[in-house]
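A short write-up of the structure that comes next.
Heavy-atom basis, side chains included; hydrogens, waters and symmetry copies ignored.
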Amino acid sequence: MIESKEVFEAFQEHRGEAIVSVQGTSGKHWADVTTNQNRDISMGGAMGQSTAAIFGLALGLPDQKVVHFDTEGALLMNLGVLASIAGKKPENFVHFLLDNGCYATTGGQPVPNSEDIDYSVIAAGSGYAATYNFDDLEELSTSLEEIMSQKGPVFVAIKVPAEVENLPIGMRERRATRSRGQTINDLRSELGIS
Amino acid sequence: MVEQQLQILRPETLIAEFKKIGVTHIITIPDSETNYLYELMEKEDWLEVVPVSREGESMAVALGLNVAGKVPVVLIQNTGMMESGDSIRGMALDTGFPLLMVVGYRGWTRKGHTPDSAAVYTEPFLNAFRLNYYLVETDDDGARITEAYEEAVKDKKPVVILVGDEYHGFNR
């Protein structure tokens with residue numbers, strides 16, 4: 001397994017000008033790593049649909065590299081989105097999956113068949129242009145240049161440890177983050193979209 | 001003898017309205033009454049058709065396209081719209097962007113009674129989500145599409161077109 005923060009630190013070296021979306025408990029570490037918040041966007045807000053929203057963004061911005069860090073719990077809620085994405089073949093889209101095997105935000109209950117799913121096989125069968133599987137940081141690090149430079153859609157499944165949150169939501173540590181609307185407005189300003 | 005409407009809603013009418021509005025993308029899951037419309041849309045070079053796997057995706061994809069400065073329209077059936085409740089809430093209503101949703105009104109009849117529960121619950125569903133809607137049945141109603149979109153832009157929220165085309169005028 002690879003610590004989520006280490007995934008983001010390795011990715012940051014190859015980010016370039018990419019627009020980046022993260023979600024889930026694993027995604028919280030991106031805030032400590034990113035160096036270009038104006039190109040970070042939050043599209044969560046409906047169960048399992050942030051991937052579809054980022055897919056729409058990638059379709060609408062074909063000249064921008066768009067990177068989404070998904071989670072397996074969210075993807076399972078709408079697995080058909082893999083076929084939707086593969087069908088439109090967005091060459092600018094890189095789809096990472098941070099797979100911790102459970103619903104960490106609700107106490108760590110396992111996702112269905114968590115031990116035996118190979119998401120990269122599902123993505124390959126759906127028609128993604130390239131797929132990868134990693135559970136070793138060095139292998140991931142040495143592959144990121146290739147991942148970020150090839151034509152998408154690219155799918156990258158990574159095993160990460162669960163960071164289970166058991167406190168009631170109201171008692172959890174809150175980080176100062178921008179709202180979804182603020183990230184949208186900041187990205188539009190960055191790209192000159194009115 | 002089968003009763004026929006004097007007028008039907010031609011797919012060309014919808015496409016003309018989409019062009020007038022400036023629509024760039026149609027996010028859709030086809031239903032049984034829109035096959036010819038789908039074929040026509042695919043032929044238009046100003047319009048990109050985005051097929052999705054489940055209706056709830058459509059509002060999310062539309063949000064992403066809207067952020068990118070595009071003008072998306074969702075084209076689905078009432079059954080799929082009802083399945084999409086959380087996406088309508090979280091991706092469309094909560095984000096406050098103008099979204100035209102063109103919804104096939106399966107089970108619609110002008111006779112007052114329908115055996116199809118898809119039709120029975122369609123308008124109560126829209127009312128529960130506080131979504132305004134316009135019924136479009138024939139070419140004469142076509143201007144309501146532009147009117148609905150202008151309302152969506154003004155109010156920054158989804159507005160629904162219910163296509164009550166009970167005689168399958170979308171097919172050829």
Side-chain angles (χ1 to χ4, degrees), chain A residues 19 21 23 39-64 66 68 70 74-90 92-93 122 126-127 179-194, chain B residues 22-30 38 41-42 46-76 80-101 129 153 156-158:
Chain A
I19 295 165
S21 157
Q23 65 170 39
R39 283 178 173 261
D40 296 339
I41 187 163
S42 171
M43 295 289 256
M47 291 191 300
Q49 295 298 352
S50 64
T51 306
I54 298 299
F55 163 48
L57 185 69
L59 279 183
L61 298 171
D63 296 329
Q64 300 284 337
V66 177
H68 180 48
D70 207 347
L75 183 61
L76 283 172
M77 286 188 180
N78 188 32
L79 204 52
V81 76
L82 294 176
S84 306
I85 292 166
K88 292 301 290 184
K89 299 177 171 54
N92 58 332
F93 186 57
I122 300 173
S126 299
S179 68
R180 175 173 60 178
Q182 189 62 51
T183 67
I184 290 171
N185 290 338
D186 289 348
L187 178 64
R188 281 179 155 165
S189 295
E190 171 82 5
L191 300 176
I193 298 170
S194 57
Chain B
V23 175
T24 58
H25 293 75
I26 299 284
I27 307 131
T28 185
I29 295 184
Y38 190 93
M41 290 190 304
E42 290 247 284
W46 50 271
L47 190 61
E48 182 169 354
V49 178
V50 184
V52 291
S53 305
R54 193 66 170 158
E55 285 83 353
E57 287 175 42
S58 63
M59 299 84 197
V61 173
L63 171 61
L65 286 163
N66 171 267
V67 172
K70 307 301 181 186
V71 182
V73 162
V74 164
L75 177 67
I76 57 176
M81 178 188 72
M82 287 186 271
E83 192 270 340
S84 306
D86 187 54
S87 193
I88 292 171
R89 174 201 62 78
M91 288 293 170
L93 285 166
D94 283 0
T95 51
F97 75 101
L99 177 62
L100 187 65
M101 292 171 49
F129 279 78
V153 170
K156 295 181 179 174
K157 62 181 293 189

The side chain to side chain donor-acceptor pair (under 3.5 Å) partners of A/Asp40 (sequence neighbours excluded) come to A/Arg15, A/Trp30, A/Thr34
inquiry  = Within the 3.5 Å criterion, strictly below it, is a donor on B/Glu57 or A/Ser84 matched to an acceptor on the partner's side chain?
reply    = yes
So, do B/Leu65 and A/Leu59 sit near enough that their side-chain heavy atoms are less than 4.5 Å apart?
yes
Where the side chain of B/Asp86 meets the backbone of A/Met47, is there a donor-acceptor pair that is under 3.5 Å apart?
yes
The interface call for A/Ile41 against chain B, heavy-atom contacts under 4.5 Å, is side chain
Rounded to the nearest 0.5 Å, the OG atom of B/Ser84 sits from the CD atom of A/Gln49 at a distance of 8.0 Å
Max heavy-atom pairs within cutoff under 4.5 Å with chain B, candidates A/Ser194, A/Ala53, A/Ala58, A/Gly60, goes to A/Ala53
Max heavy-atom pairs within cutoff under 4.5 Å with chain A, candidates B/Ala60, B/Ser87, B/Gly69, goes to B/Ala60
Comparing A/Leu79, A/Thr51, A/Ile193 against chain B, the one with the most heavy-atom pairs below 4.5 Å turns out to be A/Ile193
Applying a strict 4.5 Å limit to non-hydrogen atoms, the region of A/Leu61 in contact with chain B is both
To the nearest 0.5 Å, atom OG of B/Ser53 lies from atom CG of A/Asn78 at 7.5 Å
Under a 4.5 Å heavy-atom criterion, the part of residues 180-190 of chain A in contact with chain B comprises A/Arg180, A/Ile184, A/Leu187, A/Arg188
_Quick one, B/Arg54 and A/Val81 - any side-chain contact, counting heavy atoms below 4.5 Å?_
no
Rounded to the nearest 0.5 Å, the NZ atom of A/Lys88 sits from the CD atom of B/Glu48 at a distance of 3.5 Å
